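Below, all heavy atoms of this structure are taken into account, side chains as well, without hydrogens, waters or symmetry copies. In this text, all values refer to a predicted model and were calculated from it rather than measured experimentally. Every chain is numbered from 1 and lettered A, B, ... according to where its sequence line falls, protein lines coming before strand lines.
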Amino acid sequence: MALVKISEILGGDCTDKQVSVRGWVYRKRQGKELIFLVVRDATGVIQCTVKKANATAWAEAEKLTIESSLTLEGVAKPDTRAPGGYEIAAEAVSIIGLAEVFPIAKDKSEEFIRDMRHLWLRSRKMNVVMDVRAKVLEYSREYFRKTCFTEVSPPMFISAAVEGGSTLFGLKYFDQTLYLTQSSQLYLEILIYSLENVYCIAPSFRAEKSRTIRHLTEYWHMEAEWPFADMNDLMKFEEGLMEHICKRTAEDCQKEFAELGADISKLAQVQVPFPRITYAEAIDRLKAKNSALKWGDDLGYEDEKLLAEEFGKPFFVYDYPKAIKAFYCKTRRDQPEIALSVDMMVPRIGEISTGGQREEDKDQLIQRMKEQELKPEDYEWYLDLRRYGTVPHVGFGMGVERLLVWMLDLDNIIDAIPFPRTTRRFYP
RNA sequence: GCCGUCGUGGCUCAGCCCGGUAGAGCGGCUGGCUGUUAACCAGUCGGUCAAAGGUCCGAAUCCUUUCGACGGCGCCA
């Protein structure tokens with residue numbers, strides 16, 4: 001008796017063979033002579049039939065409730081009447097854990113599903129999304145490995161802000177106050193002086209009271225940093241990474257996209273080089289669409305969406321006014337008002353990544369800190385990096401969940417992560 | 001932080017505008033029936049309408065406050 005995964009049966013590998021599957025009851029329909037059990041495991045769902053003639057199996061099947069766990073044995077065969085095209089004629093059914101009445105049924109609201117997150121994760125939708133998420137992370141690591149990057153593990157507890165202080169989560173650390181990191185960038189910058197090309201995939205925390213479908217207070221941040229590089233190198237790397245992720249996903253995740261009803265064809269359009277426009281060009285394009293924007297304003301979400309609609313695929317906006325960018329952004333030596341910063345935008349979501357060239361000159365860096373009313377003495381170790389063998393270097397950070405929302409056409413970022421944390425929800 | 005929508009049995013909703021002590025479907029239970037596709041038919045159990053206060057002879061329905069949920073903007077990834 002071969003113990004198989006449901007996907008093997010659905011792939012036609014077990015036709016007319018005696019098989020055994022383990023999983024949970026997804027649906028049940030009972031008649032006088034026949035019970036249909038739809039059984040799910042991590043790989044898919046399959047319809048199973050239990051006939052009354054088999055008294056032992058029938059008695060077990062009658063007891064089964066939705067979400068009960070079981071082992072089921074029988075012959076796998078193609079059947080046009082079965083969803084998925086294959087069916088198991090059950091010969092033996094064995095209950096492992098009999099479930100109480102499952103609270104999630106056909107009629108369910110967003111609110112209810114969120115309250116039942118720990119059970120909703122069993123749904124086919126969440127199952128498939130988490131599967132693709134894992135693959136996207138694998139493809140990302142593939143690309144980093146291929147391009148000679150070393151994965152590193154930065155701290156989550158930090159003592160000083162990376163971005164502005166307003167969005168930090170503070171916490172009690174014995175008798176002191178520490179913060180949860182908003183970005184691992186500064187720590188990656190430390191590590192480029194030994195490992196050179198480094199990256200991490202780690203959580204970042206933002207205490208922004210954002211109420212949108214694009215924000216989490218805890219999100220996974222894919223960040224990289226490397227020396228001896230400029231803005232062109234940065235954009236080339238980022239578009240190469242995106243192309244690789246999209247290409248591998250398009251190859252390997254067709255069934256998952258089909259089950260979610262997500263458009264996989266857009267991934268094929270992700271090819272290097274990506275369109276690149278400067279901030280000034282973006283403003284001009286938006287002005288042509290009657291926007292009241294003027295040079296110096298930051299791009300809002302609606303502006304980003306307007307631009308993204310024009311391209312219909314990922315693209316870059318670079319060369320921002322330095323006033324709207326962080327202190328560590330290097331400024332152009334020929335145009336001191338311009339920061340060497342670049343955002344990657346995608347349709348429907350807007351920004352999914354921000355990167356740029358970091359200021360490698362100590363005095364310029366101190367000057368930038370003062371302009372933004374930061375105290376250089378709070379960043380002594382960061383300044384040390386410029387004192388001892390400074391190098392031109394670049395880096396970026398991409399929101400993993402935002403990437404997934406775009407790829408999988410998700411309605412809300414909370415569905416891109418198993419246990420979403422938002423301003424109001426953090427259970428379970 | 002600002003703005004909007006919503007809160008009725010386990011779940012999804014109707015009723016609210018034009019006040020008179022709650023109605024349907026799903027689920028549960030009982031029975032019937034069917035190669036079914038989150039089937040169908042019959043019966044049955046189940047709520048005092050988020051909370052508090054007010055108006056009124058009378059409030060789920062009108063008014064006030066509070067709480068909660070969801071979304072938009074801003075901020076960002």
Colleague: Would Tyr219(A) count as stacking on A77(B) if stacking means ring centres less than 5.5 angstrom apart and planes tilted under 30 degrees?
Modeller: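 Yes.
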
Colleague: When all nucleic acid strands are considered with a 4.0 Å heavy-atom cut-off, which category describes Gln47(A): base, sugar-phosphate, or nothing?
Modeller: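 It contacts base atoms.
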
Colleague: G1(B) pairs with which nucleotide, Watson-Crick or G-U wobble, both distances below 3.5 Å?
Modeller: C73(B)

Colleague: On RNA chain B, check which nucleotide each of Lys108(A) and Asp303(A) is closest to and give me the residue with the more 5' one.
Modeller: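 In this pair, the answer is Lys108(A).
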
Colleague: Give the rounded distance in Å between these two atoms: CD1 of Ile113(A) and P of C11(B).
Modeller: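 Ile113(A) atom CD1 is separated from C11(B) atom P by 13 Å.
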
Colleague: Write down the distance separating the P atoms in U55(B) and U64(B), rounded off to the nearest Å.
Modeller: 15 Å

Colleague: Across all strands shown, which nucleotide pairs with U55(B) by Watson-Crick or G-U wobble geometry, both distances under 3.5 Å?
Modeller: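 WC or wobble partner does not exist here.
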
Colleague: To the nearest angstrom, how far is Ile35(A) atom CD1 from A38(B) atom P?
Modeller: 18 Å

Colleague: Does Thr354(A) have a side-chain nitrogen or oxygen under 4.0 Å from the phosphate oxygens OP1 or OP2 of A77(B)?
Modeller: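 Yes, because at least one side-chain N or O of Thr354(A) sits under 4.0 Å from OP1 or OP2 of A77(B).
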
Colleague: Separation of Ile201(A) atom CD1 from A77(B) atom C1', in whole Å?
Modeller: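 About 14 Å, once rounded to whole Å.
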
Colleague: Hey, can you tell me if Tyr320(A) and Tyr279(A) have their rings parallel, tilted or perpendicular (30° and 60° cut-offs)?
Modeller: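 Correct class here is tilted.
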
Colleague: Can you tell me how far C1' in G58(B) sits from the matching atom in C70(B), rounded to whole Å?
Modeller: 35 Å

Colleague: Round to the nearest Å and state the distance from Leu216(A) atom CG to A77(B) atom P.
Modeller: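 Value for this atom pair: 14 Å.
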
Colleague: Between Tyr379(A) and Tyr382(A), what is the ring plane arrangement, given parallel below 30°, perpendicular above 60°, and tilted in between?
Modeller: perpendicular

Colleague: Can you tell me the pairing partner of U21(B) across any strand shown, Watson-Crick or G-U wobble, with both distances under 3.5 angstrom?
Modeller: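 No nucleotide pairs with U21(B).
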
Colleague: Just the rounded figure in Å: distance from P of C75(B) to CD1 of Ile413(A).
Modeller: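 One finds 17 Å between P of C75(B) and CD1 of Ile413(A), rounded.
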
Colleague: Rounding to a whole Å, what distance do you find between His215(A):NE2 and G1(B):P?
Modeller: 16 Å

Colleague: Is the number of heavy atoms from other residues, nucleotides or ligands under 6.0 Å of Lys52(A) NZ greater than 12?
Modeller: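 More than 12 within 6.0 Å, yes.
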
Colleague: Report which part of the nucleic acid Asp298(A) touches: base, sugar-phosphate, or nothing (heavy-atom distance under 4.0 Å, all strands).
Modeller: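 The residue Asp298(A) makes sugar-phosphate contact but no base contact.
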
Colleague: Provide, to the nearest angstrom, the distance between the CD atom belonging to Glu259(A) and the P atom belonging to A38(B).
Modeller: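 Taking atom P of A38(B) as the reference, CD of Glu259(A) is at 13 Å.
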
Colleague: Would you mind telling me which of Pro428(A), Ser123(A), Pro103(A) makes a side chain to side chain contact (heavy atoms under 4.5 Å, CB included) with Met116(A)?
Modeller: Pro103(A)

Colleague: Does Asp107(A) get its side chain close enough to the base of G27(B), under 3.5 Å, for a donor-acceptor pair?
Modeller: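 For Asp107(A), whose side chain was compared with the base of G27(B), there is no donor-acceptor pair (under 3.5 Å).
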
Colleague: Counting only Watson-Crick or G-U wobble pairs whose two distances fall under 3.5 Å, which nucleotide matches G35(B)?
Modeller: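 For G35(B), the partner nucleotide comes out as none, under the 3.5 Å rule.
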
Colleague: So if I take every side-chain heavy atom of Lys106(A) and compare against C26(B), C11(B), C75(B), which nucleotide ends up nearest?
Modeller: C26(B)

Colleague: Under a 3.5 Å cut-off for both distances, is U48(B) Watson-Crick or wobble paired, and to whom?
Modeller: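 With both distances under 3.5 Å required, U48(B) matches none.
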
Colleague: Checking all strands, does Gly300(A) fall into the base, sugar-phosphate, or nothing category for heavy-atom contacts under 4.0 angstrom?
Modeller: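 Answer is sugar-phosphate: Gly300(A) comes under 4.0 Å of backbone atoms only.
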
Colleague: Classify the ring geometry between Tyr199(A) and Phe144(A) as parallel (under 30°), tilted (30 to 60°) or perpendicular (over 60°).
Modeller: parallel

Colleague: What one-letter contact string describes nucleotides 68-73 of chain B from 5' to 3', where B marks a base within less than 4.0 Å of any protein heavy atom, S marks contact via sugar-phosphate atoms alone, and - marks no contact?
Modeller: -BBBBB

Colleague: Whom does G68(B) pair with, Watson-Crick or G-U wobble, provided both distances fall under 3.5 Å?
Modeller: C6(B)

Colleague: Grab the CE-P distance between Met116(A) and G27(B) for me, whole Å please.
Modeller: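 For the pair Met116(A) CE and G27(B) P, the rounded distance is 18 Å.
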
Colleague: Provide the distance between the two C1' atoms, one in G4(B) and one in G9(B), to the nearest whole Å.
Modeller: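 Those two atoms are separated by 29 Å.
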
Colleague: Considering only the P atoms, how many Å lie between A51(B) and G7(B), rounded to the nearest integer?
Modeller: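 A51(B) and G7(B) have their P atoms separated by 13 Å.
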
Colleague: Without hydrogens or angle criteria, can the side chains of Tyr219(A) and Arg206(A) be said to hold a donor-acceptor pair below 3.5 Å?
Modeller: yes

Colleague: Between the base of C40(B) and the side chain of Arg29(A), is there any donor-acceptor pair under 3.5 Å?
Modeller: no

Colleague: With rounding to the closest Å, how many angstrom separate the P atoms on C29(B) and U48(B)?
Modeller: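 One P to the other, the span is 23 Å.
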
Colleague: Could you tell me how the ring of Tyr187(A) sits relative to the ring of Trp381(A): parallel (under 30°), tilted (30 to 60°) or perpendicular (over 60°)?
Modeller: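 Judged by the thresholds at 30° and 60°, the geometry between Tyr187(A) and Trp381(A) is tilted.
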
Colleague: On a whole-Å scale, what distance lies between the C1' atoms belonging to A14(B) and A52(B)?
Modeller: 27 Å

Colleague: Check whether NZ of the Lys or CZ of the Arg Arg214(A) lies under 6.0 Å from the centre of the six-membered ring of Tyr301(A) and within 45 degrees of that ring's axis.
Modeller: yes

Colleague: Would you say that more than 12 heavy atoms from the other residues, nucleotides or ligands in this model lie under 6.0 Å from the CD of Gln335(A), or not?
Modeller: yes

Colleague: Please compare Pro83(A) and Phe112(A) by the position of their nearest nucleotide in RNA chain B and report the one closer to 5'.
Modeller: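 Checking each residue's closest nucleotide, the 5'-ward one belongs to Phe112(A).
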
Colleague: Whether the Glu62(A) and Gln30(A) side chains hold a donor-acceptor pair (N or O, under 3.5 Å, no angle test) is what I'd like checked.
Modeller: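 Result is yes, a qualifying pair exists.
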
Colleague: Ignoring hydrogens and geometry beyond distance, is the side chain of Gln30(A) in donor-acceptor contact with the base of U36(B) at under 3.5 Å?
Modeller: no

Colleague: Taking atom P in both G19(B) and C62(B), compute the distance separating them and give it to the nearest angstrom.
Modeller: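 To the nearest whole Å, 9 Å.
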
Colleague: In whole Å, what separates the C1' atom of A24(B) from that of G46(B)?
Modeller: 14 Å

